[in-house]
Each structure stands twice: as C-alpha cells, then as structure tokens.
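Please read the structure below before turning to the comments.
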Amino acid sequence: MNLSSTVDTAASYFSRELLAWYRMSKRTLPWRQNREAYRVWVSEIMLQQTRVDTVIPYYERFMNRFPTLQALAEAPEPDVLKHWEGLGYYSRARNLQAGAREVMERYGGQVPDDKAAVSALKGVGPYTSGAIMSIAFNRPEPAVDGNVMRVLSRYYNRDEDIAKPSTRIGMEKLAASLIPEGAAGDFNQALMELGALVCTPRTPGCLTCPVMIHCAGRLAGRETELPIKAKAKPPKPQARLAAIIEGTGEHAGKVLIRQRPDSGLLASLWELPHVQLDEPAVKPRGRAAKLAAAAEPPVERQAEDAAELLQRLQAESGLRVVARRWHAAEEHTFSHLHWMMRVYVAELDTGASRAVWPAGLRQAGALPTEVAQQPAIIAAESAAPYSSAESSAPNATDEPDGYRWIGRNQMRDYAFPNLFGKILYDYWDATGVEEGGV
DNA sequence: AAGACGGGGTC
DNA sequence: GACCCAGTCTT
C-alpha cells in the first residue's frame with residue numbers, strides 16, 4: 001500500500017467502518033420499510049426531540065390513518081392533532097400538514113428532489129431537510145442532530161458548545177465532508193444510529209464501537225465529558241387552578257372542556273378551564289415539600305382558591321364557577337414552564353338558587369366577605385371571553401364557542417395534552433365512570 | 001442569541 | 001433531580 005497517496009486517515013476510516021457497521025447492525029424500524037419521501041418526512045418530524053421507542057406506535061397509527069401525502073393533505077386538522085395527541089410540540093403536526101398541502105398544490109403531490117424546495121416547507125429546518133434529501137433521495141447533504149453532534153464532538157475531541165447555532169454549522173461542514181460517495185442516506189443514518197445505540201450520552205459503549213481506535217475523544221479519555229453543552233435555563237414555575245366542572249340536568253355525568261387558542265402553548269388542544277395565579281411560583285424542593293404540595297390544602301387555602309376560581313374564570317371566560325370539593329394536585333413540566341395545578345371539582349353557577357358555597361368553606365370564614373355573602377354576583381361587564389368568542393357565559397344548556405360538555409366516551413373525539421388527559425381519566429376512574437359509560 | 005414549544009426515559 | 005432526546009420558529 002502506498003501510504004503517501006492512500007493514507008488511511010481517521011476520516012476515511014471513520015466513514016468506511018461506520019457505514020459497514022450500520023449495514024450490518026441497523027435496526028428494523030417502520031420508516032425503514034422503504035425510502036418513500038413522505039414516509040421519511042413524517043418519521044423525521046416525529047423523531048424531532050422524541051425517542052424512537054416513543055415514536056414507533058405513533059408512526060404506525062399515523063401512517064395507517066394517513067397512508068399518503070394526499071390523505072394527510074385532505075384530512076381535517078383536528079384529526080391530525082388527535083393522532084399527534086401526547087407526542088408534544090404540536091406545531092410539528094400543523095406544520096407537517098401545511099407542508100403536505102403545499103406539496104399537493106405546488107408539486108402535484110410529489111415531494112420535490114430539491115434541497116431548496118424541501119427546506120422551504122413548513123417545519124423543515126436544516127436537520128430535517130438534510131435527512132429527507134439524503135435518506136429519500138440519497139443526496140449528499142448533512143443531517144446534523146444531537147446524536148451527530150455528540151458523535152463528532154467525541155470522535156474529533158471538539159470542545160465547541162453544541163448548544164450554539166454556530167457549532168451546528170461547523171458540524172454540518174464536517175459531516176458533509178465525511179459522506180462516502182453514493183451512500184449519503186445510509187451514512188447519515190449510520191451516524192445517528194451510532195449515537196443512539198453505542199455513542200450514547202451517559203455511558204458510551206466504546207468497547208463495541210466500530211470506530212473506537214481512532215476516536216480522539218476516547219484516546220484523550222474525554223468520552224464522558226463530551227460533548228460540551230451549555231446548561232439550559234430551568235423551567236419557570238407557575239401556579240394554576242383548574243376546575244372539573246360537572247354538568248347537571250341534560251349534562252349530568254359530563255364535564256366542561258374548552259379549546260385553547262390556535263397559536264402558542266398546546267395550540268388548539270382541549271383542556272380544563274383554569275386560571276394562572278399571580279403569585280407563587282415556588283417549586284417544591286425535597287421530599288417533604290413535594291408531599292405537602294401534593295396533599296389536600298387546608299380549608300383556608302381551598303376557600304381562597306374557590307374565590308379565585310370564581311372571580312378569575314368569570315373575568316377571563318365569562319364562566320361562573322363554584323368549587324365544590326378538592327380533587328387533586330398535579331405538576332407538569334414543559335421545556336420552559338413548570339405548572340403546579342390545584343384541581344377542584346366544581347359546578348357552573350346558573351342562578352342565584354344554586355349559588356351556595358360548600359358549608360365547610362363558608363364556615364371556615366376565609367372567603368372574602370362580599371364573595372361569601374353573594375358568590376354569584378359578579379359584574380357581568382367584567383366578563384371577557386376566553387378566546388375571541390363573543391358569546392355570553394354558558395349556562396346549563398349552552399355550549400358556547402370553544403366549549404364542550406363531554407363524557408368519558410367523548411374523550412376520543414378531542415385531542416388533549418397529556419396533563420389534562422391524565423387529570424380527566426383519573427377523575428372518571430375516581431367517580432366510577434368506565435369506558436362505555438356516559 | 002435567546003426564548004417558546006411537550007413529553008418521557010435514564011442514571 | 002438533572003440531563004437528554006432523529007429541532008424549528010419567532011423575536
């Protein structure tokens with residue numbers, strides 16, 4: 001071998017060995033049945049920030065319901081959201097469908113074999129466009145995600161902060177230079193497969209790694225300290241009060257839910273009516289604090305909460321809600337928020353005769369005087385609709401815009417974020433309502 | 001450059 | 001509890 005012209009550099013070694021390893025040991029995954037661009041696209045969107053094991057059942061259901069790009073483009077959006085329920089980052093679902101519709105209109109239903117056109121689709125950023133171009137069309141484009149940055153940081157012993165956008169740019173150049181001729185799709189997947197199976201975040205399996213002997217990070221003994229990544233800001237704590245509003249009369253056995261605005265957090269999903277408290281926001285630390293936060297609050301606190309729910313839901317949503325009893329405390333952490341929610345079972349106040357506070361709360365004497373005396377009397381002018389609905393406050397028979405009375409069986413007709421789905425199912429379990437019941 | 005945007009798994 | 005994950009969009 002002529003070492004001067006065919007030097008087996010760490011780079012060519014890496015690409016060759018990694019590719020061979022992948023072709024030998026790649027996992028069988030639903031989206032690897034074929035390389036149809038639509039299937040690749042759906043999988044890549046679902047896999048953003050989401051584990052393979054989590055995605056698999058969602059992918060199967062989604063492709064069963066929307067087997068073609070056209071089927072997705074023509075589906076009602078709530079149907080698409082329902083199939084995304086629980087996956088999180090719901091704008092992915094909306095953007096995916098918007099992209100499918102765009103492909104129908106502009107490209108006759110065929111995903112274009114064109115980097116710029118694919119990159120311009122909604123929800124398709126640098127990573128996803130590279131993944132689609134390489135996997136579906138075998139174009140030599142880099143697809144750099146967290147896995148790839150981890151693998152390359154270690155293999156090349158690089159110290160750049162992978163949280164910085166500029167680092168991703170550099171990694172893309174590096175990754176592009178490593179793509180073997182004619183094998184972009186397999187190589188990019190090999191890089192990610194290695195990161196998922198061997199070069200894992202905590203305890204990399206260097207001894208089974210196909211490229212260990214030239215891994216600079218490993219040779220420097222730094223495999224566990226790489227990649228360098230700036231710490232994320234902790235989620236901001238928020239205290240909230242939610243109401244499980246039980247229906248009466250024709251709505252007996254049902255509860256009132258509402259639809260969130262069509263942008264922002266949990267856009268267009270359904271939820272329990274609730275309010276954000278101004279205060280608190282002290283995240284419970286330690287076992288004792290945790291226990292205290294989960295426990296039923298003292299009656300004074302419950303009375304304050306009841307008054308708060310009545311006044312604020314009236315003001316924000318036009319709902320006159322009377323808390324009847326404690327239900328549960330629920331915590332839920334988003335990427336940037338930490339919700340601490342106290343949940344009460346409540347009733348809609350549809351008239352003075354029904355406006356009776358629970359005896360325990362009244363006797364506790366903790367209610368503001370004016371509220372304790374006349375809980376139902378809140379200035380009607382102060383009522384503001386929750387989401388641009390111009391309707392008046394719902395009574396026992398109304399279903400104003402954005403609100404629905406539903407029983408357990410109607411849960412399947414609405415997409416709920418996990419936290420509210422859990423609260424509602426817990427509620428129905430506790431009240432003895434089973435599937436097929438109401 | 002920083003923040004918004006979910007949820008679940010792991011050690 | 002802290003960190004991570006097959007990222008993108010908005011400001």
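In what follows, chains are A, B, ... by sequence order, proteins preceding strands, each numbered from 1.
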>> Measuring from the side chain of A:Pro201 (C-beta onward, heavy atoms only), which nucleotide among B:dG7, C:dC4, C:dA6 has the closest atom?
In response: C:dC4
Using a cut-off of under 3.5 Å, enumerate the N/O to N/O pairs linking the protein to nucleotides 8-11 of chain B.
residue : atom : partner  : partner atom : Å
B:dG8   : OP1  : A:Asn418 : ND2          : 2.1
B:dG8   : OP2  : A:Asn418 : ND2          : 3.3
B:dG8   : N2   : A:Arg51  : NH1          : 2.7

>> Any salt bridge linking A:Arg139 with A:Glu141? Criterion: basic side-chain nitrogen under 4.0 Å from a carboxylate oxygen.
In response: no
>> Over all strands shown, is A:Leu87 touching base, sugar-phosphate only, or nothing at heavy-atom distances under 4.0 angstrom?
In response: base
> Side chains of A:Asn95 and A:Arg92: donor-acceptor distance under 3.5 Å anywhere?
Replying inline: no
> Is there a residue in residues 18-29 of chain A whose heavy atoms reach under 4.0 Å of DNA chain C, and which residues are they?
Replying inline: A:Arg27, A:Leu29
> Near DNA chain C, under 4.0 Å by heavy atom, which residues of residues 155-189 of chain A?
Replying inline: none
Nucleotides 9-11 of chain C: which of its N/O atoms have a protein N/O under 3.5 Å away?
residue : atom : partner  : partner atom : Å
C:dC9   : OP1  : A:Gly123 : N            : 2.7

> Within the pair A:His336 and B:dA4, is there a side-chain N or O less than 4.0 Å away from OP1 or OP2?
Replying inline: no
>> Can you confirm whether more than 12 heavy atoms, excluding those of A:Glu60, are under 6.0 Å from its CD atom?
In response: yes
> Under the side chain to side chain contact (heavy atoms under 4.5 Å, CB included) test, which residues partner A:Ala415, sequence neighbours left out?
Replying inline: A:Leu81, A:Lys82, A:Glu85, A:Leu269
> Taking only residues two or more places apart in sequence, or in another chain, which ones meet A:Arg342 in a salt bridge (Lys or Arg N to Asp or Glu O under 4.0 Å)?
Replying inline: A:Asp305
> Mind checking what makes ring pair (Phe, Tyr, Trp, His ring centres under 6.0 Å) contact with A:Tyr58, not counting sequence neighbours?
Replying inline: none
> Do you know the tightest heavy-atom contact between A:Val40 and A:Ala136?
Replying inline: CG2-CB, 4.3 Å
> Toward the 5' end of DNA chain C, which comes first, A:Lys231 or A:Gln49, by nearest nucleotide?
Replying inline: A:Lys231
>> Taking ring pair (Phe, Tyr, Trp, His ring centres under 6.0 Å) as the cut-off, I'd like each qualifying pair that reaches into residues 152-179 of chain A, sequence neighbours left out, listed once.
In response: A:Phe14-A:Tyr155
>> Listing request: all ring pair (Phe, Tyr, Trp, His ring centres under 6.0 Å) pairs with a residue in residues 112-144 of chain A, at least two apart in sequence or in separate chains.
In response: none
> What side-chain hydrogen bond (donor to acceptor under 3.5 Å, both in side chains) pairs are there with at least one residue in residues 69-78 of chain A, not counting sequence neighbours?
Replying inline: A:Gln70-A:Glu74, A:Glu77-A:Arg94
Ignoring hydrogens and angles, write down the donor-acceptor pairs under 3.5 Å from the side chains of residues 199-208 of chain A, residues two or more places apart or on other chains.
residue  : atom : partner  : partner atom : Å
A:Thr200 : OG1  : A:Thr203 : O            : 3.2
A:Thr208 : OG1  : A:Gly205 : O            : 3.0

Side-chain donor/acceptor pairs under 3.5 Å, residues 167-176 of chain A, sequence neighbours excluded:
residue  : atom : partner  : partner atom : Å
A:Thr167 : OG1  : A:Asp161 : O            : 2.6
A:Arg168 : NE   : A:Glu172 : OE2          : 2.9

> Among A:Ser12, A:Ser15, A:Pro142, which one satisfies side chain to side chain contact (heavy atoms under 4.5 Å, CB included) with A:Leu178?
Replying inline: A:Ser15
